[in-house]
Number of protein chains: 2
Amino acid sequence: MKDFLSLNSQLCFAVYETASEFTKLYASVLQPFGLTYTQYLVLLSLWEKDAVTMKELGARLHLGTGTLTPMISRMQENGWIQKRRSTEDERKVFVYLEDKARQQQMAITQKVAEEIQLCNIQVEEYNELMKRLNDLHHKLQDRTDHKKLGRS
Amino acid sequence: MKDFLSLNSQLCFAVYETASEFTKLYASVLQPFGLTYTQYLVLLSLWEKDAVTMKELGARLHLGTGTLTPMISRMQENGWIQKRRSTEDERKVFVYLEDKARQQQMAITQKVAEEIQLCNIQVEEYNELMKRLNDLHHKLQDRTDHKKLGRS
DNA sequence: GTCATTTAAATCGTGTACGATTAAATCGTA
DNA sequence: TACGATTTAATCGTACACGATTTAAATGAC
């Protein structure tokens, strides 16, 4: 049990600190553009696939409406995106990129790339870390899936 | 640049999603105890070293007073810890574990261990992930250090 | 065709998170 | 020893993040 406590607390801190350092790096790059890290994730998602509903966007980012609704409103106020209620099904709200977001994509990506390069992260490391994160991610998800199905 | 955009967005999502899934796992275990994930990190830190100042606690958790002060107050209201201003130097505020926190350490750790075991995470994976996270963590920090010193 | 159910967003309350500012105590040094 | 600089917390404003509730629209069973 003592082993577990120690290993566990190390992992808790590692995940927590690394994620927050990571976020801060991006935040510092994004600030001049008037973007937060989460808003940047929204743009990343929309650059891949535009014109999605709040529900789909929330699913992609694993965010509920309690987080998404006010954030998307702010992004609309800042001219990054547009929200429009569907006429077909008035429950749905679609989100669209504004020109500003398309025009600045390269500039933002460029600045992020420059900052990342300062860290000297090798592609191998990049991929290995991502693999490890995704493995953990899937194990965490499988666990909840098993629970929902009445444990495996 | 296109390569970078794709790799970068994958890593952004991987870090973000994994950290939030990870946090949610702990949150679900901790909720019956009336603890949040961050409050649990405070306990982990104090179980290792009790009777520290707000400043030291903030340094250990990489949290500023804007986050820490209200959180520590809540934890005091809930009987986990005690805050006492130093008589030697009245600028300093020391944080102490309450009996409740010591008494429940095993029960909390046990519940967390049970939940983690459901994920079938191997020790090798555990260590490898931690190594990768810490490597990234250090590279992120070195980068800011270089900047402060007028770039390397 | 009506009404219960389901679906999609918005809203609310609580709790992080962070940068900037403020306030009080202590320290350094003339 | 006086006083400006530094240190330590607290406070403030903005922005996530999440669970729970609410509201409105669409769907489905009868």
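Residue numbers begin at 1 in each chain, while the letters A, B, ... track the order of the sequences.
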task: Calculate the interatomic distance between Arg85(B) atom CZ and dT26(C) atom P; express it in whole Å.
output: 10 Å
message: Can you confirm whether Thr18(B) sits close enough to Glu21(B) that some side-chain heavy atom of one is under 4.5 Å from a side-chain heavy atom of the other?
response: no
- request: Check whether any side-chain heavy atom of Arg102(B) lies under 4.5 Å from a side-chain heavy atom of Asp50(B), and answer yes or no.
  value: yes
- prompt: Does Arg132(B) have any salt bridge (Lys or Arg N to Asp or Glu O under 4.0 Å) partners at least two apart in sequence or in another chain, and if so, which?
  reply: Glu124(A), Glu128(B)
- line: Residues in residues 90-98 of chain A with a heavy atom under 4.0 Å of DNA chain D, by number, are Glu90(A), Arg91(A)
query: Within a strict 4.5 Å, meaning less than it, do heavy atoms of the Val42(A) and Leu61(A) side chains meet?
result: yes
- prompt: At under 4.0 Å between heavy atoms, what does Leu68(B) touch on the DNA or RNA strands: base, sugar-phosphate, or nothing?
  reply: nothing
- request: Show your working on salt bridge (charged side-chain N to carboxylate O under 4.0 Å, His left out) between Glu56(B) and Arg60(B) and close with a plain yes or no.
  value: CA-CA 6 Å; Glu56(B) 183 175 348; Arg60(B) 283 163 155 259; 3.8 Å; yes
task: Taking salt bridge (Lys or Arg N to Asp or Glu O under 4.0 Å) as the test, write out the residues that go with Lys131(A), two or more places apart.
output: Asp135(A)
- prompt: Hey, is the main chain of Leu25(B) close enough, under 3.5 Å, to the side chain of Ser28(B) for a donor-acceptor pair?
  reply: yes
- prompt: By salt bridge (Lys or Arg N to Asp or Glu O under 4.0 Å), which residues pair with Arg91(B), not counting sequence neighbours?
  reply: Asp89(B)
field: N/O donor-acceptor pair under 3.5 Å between Ser20(B) side chain and Glu17(B) backbone
entry: yes
- request: For the pair Trp47(B) (side chain) and Leu97(B) (backbone), establish whether a donor and an acceptor sit closer than 3.5 Å, ignoring hydrogens and angles.
  value: no
Non-hydrogen side-chain atoms of Gln104(B) and Leu43(B) separated by less than 4.5 Å: no
field: Validation row: Leu35(B), Ile108(B) side chains within 4.5 angstrom (heavy atoms)
entry: yes
message: Is the shortest side-chain heavy-atom distance between Leu63(A) and Thr38(A) below 4.5 Å?
response: yes
Position toward the 5' end of DNA chain D (nearest nucleotide), Leu63(A) or Asp89(A): Leu63(A)
- line: Applying ring pair (Phe, Tyr, Trp, His ring centres under 6.0 Å) to Tyr16(B) and not counting sequence neighbours gives none
- line: The ring pair (Phe, Tyr, Trp, His ring centres under 6.0 Å) partners of Tyr26(A) (sequence neighbours excluded) come to Phe22(A), Tyr37(A), Tyr40(A)
field: Pairing residues for Gln105(A) by the side chain to side chain donor-acceptor pair (under 3.5 Å) criterion, not counting sequence neighbours
entry: none
task: Starting from the first five and the last five pairs of the helix from dG1(C)-dC30(D) to dA30(C)-dT1(D), work out the angle between the resulting helix axes, to 10 degrees.
output: 0°
- prompt: Considering only heavy atoms, which members of residues 70-83 of chain B lie under 4.0 Å from some atom of DNA chain D?
  reply: Lys83(B)
- prompt: Are the side chains of Leu136(A) and Leu133(A) in touch, meaning some heavy atoms are under 4.5 Å apart?
  reply: no
field: Identified side chain to side chain contact (heavy atoms under 4.5 Å, CB included) partner of Val95(B) from the options Leu68(B), Leu46(B), Thr53(B)
entry: Leu46(B)
- request: List in numerical order all residues of residues 29-42 of chain B for which some heavy atom is under 4.0 Å away from an atom belonging to DNA chain D.
  value: none
query: Going 5' to 3' on DNA chain D, which nucleotide is the first and which the last to come under 4.0 Å of a heavy atom in chain A?
result: dA15(D) to dA26(D)
- request: Check each residue of residues 50-61 of chain A for a non-hydrogen atom within less than 4.0 Å of any atom in DNA chain C, then write out the ones that pass by number, or none.
  value: Thr53(A), Met54(A), Lys55(A)
message: Need to verify one output field. Residue with the more 5' nearest nucleotide on DNA chain C, Gly66(A) or Thr65(B)?
response: Gly66(A)
